[in-house]
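The structure appears right after this line, and notes come after that.
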Amino acid sequence: MHRFNSPPSWPEPPSDTWRPPVGWEPDPEWPDAPAGWGFWTNRNGRPASGPIGAFGAVDAGRLEVATAHPSLLLMHS
């Protein structure tokens, strides 16, 4: 279970289990997070990469969605 880790100058999340919904962005009036801030921690409170696609999650090393070129698709009846 990943926990969202708010920067010190941001409001605390409404609960320990709160996760930013897809597409969520911080309020533009909030100050920037400190450089290198880890937005996610694991169940032991250690820095974590975060859930795939979540705000502040690290995307390095993740697979991108692959698409097939139409010329590679075989059609059969």
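Residues: numbered from 1 along the sequence shown.
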- Message: Minimum heavy-atom separation for S9 and P31, please, with both atom names.
- Response: OG-CG, 3.3 Å

- Message: Any non-hydrogen side-chain atom of S6 less than 4.5 Å from a side-chain atom of W18?
- Response: no

- Test item: D27 side-chain N/O and E29 main-chain N/O as donor-acceptor pair under 3.5 Å: yes

- Message: Does D32, at its CG atom, have more than 12 non-hydrogen atoms belonging to other residues, nucleotides or ligands within less than 6.0 Å?
- Response: no

- When rounded to the nearest 0.5 angstrom, what is the spacing between CG in D16 and CZ in F4? 13.0 Å

- Task: Starting at NE2 of H2, measure out to CG of N42 and round the result to the nearest 0.5 Å.
- Result: 7.0 Å

- Message: Holding to ring pair (Phe, Tyr, Trp, His ring centres under 6.0 Å), I want the full list of residues that pass it with W30, two or more places apart in sequence or in another chain.
- Response: W10

- Item | Within-4.5 Å side-chain heavy-atom neighbours: P7 and F39 | yes

- Under 3.5 Å, is there a donor-acceptor pair between the side chain of N5 and the main chain of G38? yes

- Nearest heavy-atom neighbours spanning W40 and A57: NE1-N, 3.7 Å

